[in-house]
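Data first, discussion second: the structure below is written as structure tokens.
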Number of protein chains: 2
Amino acid sequence: MHIRMNWNAVNFDWNHTRAFLVTAEEGTLSAAAKALGLTQPTLSRQVSALESDLGITLFERVGQRLVLTDSGMELLEHARLMADAALQFSLAATGQSQQIEGSVIVSAGELDAAFRLPKIIAKLRREEPGINIEVIVTNAASDLKRREADIAIRNFRPTQNDLIAKKLGEEVGWLYGTKDYLEQLPQFTDFSELKDIQIIGFDRSNLVSNVLNQQGWQLSKHNFKLITSFQLLQLELCKEGMGLIFFPEHLGDNDPSLIRAFEHMGPVIRLPVWLVCHQELRTSLRVRRVFDFIANEFSQFLDQ
Amino acid sequence: MHIRMNWNAVNFDWNHTRAFLVTAEEGTLSAAAKALGLTQPTLSRQVSALESDLGITLFERVGQRLVLTDSGMELLEHARLMADAALQFSLAATGQSQQIEGSVIVSAGELDAAFRLPKIIAKLRREEPGINIEVIVTNAASDLKRREADIAIRNFRPTQNDLIAKKLGEEVGWLYGTKDYLEQLPQFTDFSELKDIQIIGFDRSNLVSNVLNQQGWQLSKHNFKLITSFQLLQLELCKEGMGLIFFPEHLGDNDPSLIRAFEHMGPVIRLPVWLVCHQELRTSLRVRRVFDFIANEFSQFLDQ
DNA sequence: TAATTGGTATGCATATTCGTATGAACTGGA
DNA sequence: TCCAGTTCATACGAATATGCATACCAATTA
């Protein structure tokens, strides 16, 4: 028995709802337009049309800014849910897509993006010219659930169970420095004799120093006089002899201007490297191809 | 900190998703078209466009019927969820819409209330049956700030800068009288010969006589033996041949019993007509709707 | 006060989408 | 086999939505 459904309630322009949502989230029509690849007048008219359709004023036009009305705030929640559903739809659609042509978004850190991905992507492009690759370079982990990326390279095991992940190996990290910098360090028998050593840090969090101090170092803020989260700048500062950096083994060893510091103490840290992907995308031929390709190629850079 | 969202994943045509859903649920494009108030070719194209966008075949065109593919069936679930969200959005919207309670209060003068508003309100009621109109008829300007009215028709530019106003045009005012009354007036070459002419006045203020005297008349209290601020009484008294009245052009010309007096001298006065609105225009679509409607309809009565 | 910046709304030419009309393919029954 | 009744796809003129240019407005800066 077929139930005759009533579609009247959903018979409004869903795209206008998206226009409303993105405008509310981005704060301005202009920003929303840029985010959606449309123009500001179009967004303006779409939002107005939605207001007219619903019989509700969603935004107060106060001065140069749009401010959500109470009604608008109420509806924004529902619009978010609708967008979530749309996102799931999109994910599922990409997962169902069996055509190899299309684009895949890969999220990676700066070092991977700069030193390892170029060759991998070049090789992939040669083998699969139909696949376009977009690389998002970020320190923070991209949100795969929000679909900021299809595939991500990460240094921790993913927790969310709707993600599929493959451990590619382990990243071995050493401290590196220039030959000159290391030679001018005092011969030491105790870590306290290295109190003036300079390490170029990531940020003000004590992540690196904590790890090192656990191994007997006695590091404080004194030892991190240069701080940047941009790792390529860290590298160049190190090459200028400004201090040591924390760097992956395969990259550091291949750079003739870098030398392992305190090699006899062994590597500073071993980090797992995971390749992560949304579960829905497992069935996508295209995403799977890129996933497997990166997994295969990446291993050469890692300890197994 | 503001999280920069990625809207690419939801940047497909949501309406096409609805087209797909309804088509799948209804079984045929024709039925879906009827359900959505569209036509079958439109649905056909929207579904095709979605298939093209996603790179997926949603339906197998087998014979006269569309049959869902496996991918289509998979995606149908997600489309349903999206429609559920859309339904909730719609329900919330209509709830919010009805939550804007109270009627729209319009303030107008007697002449506008008696002669011009009836047709406008009737037409508005036909187009917007949900909007109740309350009309406040007053000579004095209603205080919008105290919300004695939402919308007011006025003859002067509003001073309070937080009110929204729109100039509708200009009211052209003449002196009118009955044919009989005008014919019994003496032929005159000088205003002094009209010292017994009767003009039905508004009140004891000299507003009208001042204006006329500036144009060469020599009027005094003698000429205002009948005074009432009730303009409809003025009109009826005039029609009884009791004297002249000061009356808007479009109203006077349309009344067969009235004739312009001293037409060769030109209109007595031109007054601007402003439509002014309470702050609530910003939050209430209904107020805005009435405002725009009156603004549009009123123009026919005025010089631009 | 004037210029600049960053925002929204509007007029207009254009590109896209839609509806009407029509055609083609399939189903079921005479 | 033919016909009536469906259904989906295509062509084309009309309606609609879009983008560009611009007006306009508020806030900030010189």
Side-chain angles (χ1 to χ4, degrees), chain A residues 2 7 11-20 22-53 57-69 72, chain B residues 2 7 11-53 57-69 72 158 160-167 277 279 281-283 285 288-289 291-292 295-296 299 304:
Chain A
H2 185 81
W7 299 104
N11 202 352
F12 60 94
D13 196 312
W14 290 11
N15 291 330
H16 291 177
T17 306
R18 179 184 52 194
F20 159 62
V22 179
T23 301
E25 296 280 8
E26 295 289 327
T28 69
L29 290 172
S30 309
K34 195 158 60 178
L36 287 174
L38 298 173
T39 62
Q40 172 269 318
T42 298
L43 267 288
S44 172
R45 282 179 288 237
Q46 288 190 352
V47 171
S48 297
L50 182 64
E51 288 181 314
S52 176
D53 277 356
T57 305
L58 298 168
F59 294 102
E60 284 187 30
R61 275 75 170 173
V62 46
Q64 68 180 25
R65 187 167 298 176
L66 298 184
V67 180
L68 269 178
T69 62
Chain B
H2 182 81
W7 300 104
N11 202 350
F12 60 94
D13 198 313
W14 289 11
N15 291 330
H16 291 179
T17 306
R18 179 184 52 194
F20 159 62
L21 168 65
V22 180
T23 302
E25 297 281 9
E26 295 289 329
T28 70
L29 288 173
S30 310
K34 193 158 60 177
L36 285 174
L38 298 173
T39 62
Q40 170 268 318
T42 297
L43 267 290
S44 171
R45 281 179 293 233
Q46 288 190 354
V47 171
S48 297
L50 184 63
E51 288 180 314
S52 173
D53 277 356
T57 303
L58 297 169
F59 295 103
E60 293 284 348
R61 274 73 170 174
V62 45
Q64 72 180 26
R65 189 161 296 178
L66 300 183
V67 179
L68 270 177
T69 62
Q160 293 152 331
N161 49 9
D162 56 347
L163 295 181
I164 300 159
K166 180 174 185 178
K167 187 177 179 182
C277 180
Q279 289 258 3
L281 174 71
R282 292 202 177 116
T283 52
L285 183 70
R288 178 181 300 198
R289 178 80 176 94
F291 187 94
D292 292 342
N296 187 51
S299 309
Q304 294 310 318

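These figures come from a predicted structure and were not determined experimentally. Sequence lines set the chain letters: A, B, ... in the order given, protein chains first and strands last, and positions in each chain run from 1.
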For the pair made of [atom1] in [X] and [atom2] in [N], what is the distance, rounded to whole Å?
X	N	atom1	atom2	answer
A:Arg45	C:dC12	CZ	P	13 Å
A:Asp13	D:dA17	CG	C1'	10 Å
B:Leu43	C:dG19	CG	P	9 Å
B:Leu38	D:dA15	CG	P	17 Å
A:Glu26	C:dG6	CD	C1'	16 Å
A:Asn15	C:dT17	CG	P	11 Å
B:Phe59	D:dC8	CZ	P	10 Å
B:Lys34	C:dG19	NZ	P	15 Å

### Task
May I have the step-by-step check of side-chain contact (heavy atoms from CB on, under 4.5 Å) for A:Leu29 and A:Leu66, ending in yes or no?
CA-CA 8 Å; A:Leu29 290 172; A:Leu66 298 184; 3.6 Å; yes
Is the phosphate of [N] approached by [X] (side-chain N or O, under 4.0 Å from OP1 or OP2)?
X	N	answer
B:Ser30	D:dC8	yes
A:Ser48	C:dA9	no
A:Thr39	D:dG19	yes

From [options], pick the nucleotide closest to the side chain of [X]?
X	options	result
B:Leu29	D:dC8, D:dG19, C:dT8	D:dC8
B:Ser44	D:dT7, C:dT10, D:dA9	D:dA9
A:Gln40	C:dA21, C:dA9, D:dT7	C:dA9
B:Thr42	C:dT8, C:dG19, D:dC8	C:dG19

### Query
Below 4.5 Å, heavy atoms only, C-beta onward: do A:Val47 and A:Phe59 meet side chain to side chain?
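With C-beta onward as the side chain, the pair touches.
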### Task
Measure across A:Glu26 and B:Trp7 and return the closest heavy-atom pair with its distance rounded to 0.1 Å.
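It is OE2-NE1, 2.9 Å.
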### Task
Show your working on side-chain contact (heavy atoms from CB on, under 4.5 Å) between B:Glu60 and B:Leu68 and close with a plain yes or no.
CA-CA 6 Å; B:Glu60 293 284 348; B:Leu68 270 177; over 6 Å; no
### Task
State the NE2-OG distance between B:His16 and B:Ser52, to the nearest 0.5 angstrom.
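Rounded to the nearest 0.5 Å, the NE2-OG separation comes out at 10.5 Å.
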### Task
Using the side-chain contact (heavy atoms from CB on, under 4.5 Å) rule, take B:Trp14 and A:Asp13 through it: C-alpha gap first, then chi angles, then the decisive distance, then the call.
CA-CA 8 Å; B:Trp14 289 11; A:Asp13 196 312; over 6 Å; no
### Task
Show your reasoning for whether side-chain contact (heavy atoms from CB on, under 4.5 Å) applies to B:Leu50 and B:Gln46.
CA-CA 6 Å; B:Leu50 184 63; B:Gln46 288 190 354; over 6 Å; no
#### Entry: Polar pair under 3.5 Å, donor/acceptor by atom type, side chain A:Gln46, base D:dA17
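It does not, because no donor-acceptor pair links the side chain of A:Gln46 to the base of D:dA17 below 3.5 Å.
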### Message
Let me test you: for the helix from C:dT1-D:dA30 to C:dA30-D:dT1, what is the angle between the axes at its two ends (five pairs each), rounded to 10 degrees?
### Response
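Both end axes considered, the difference amounts to 20°.
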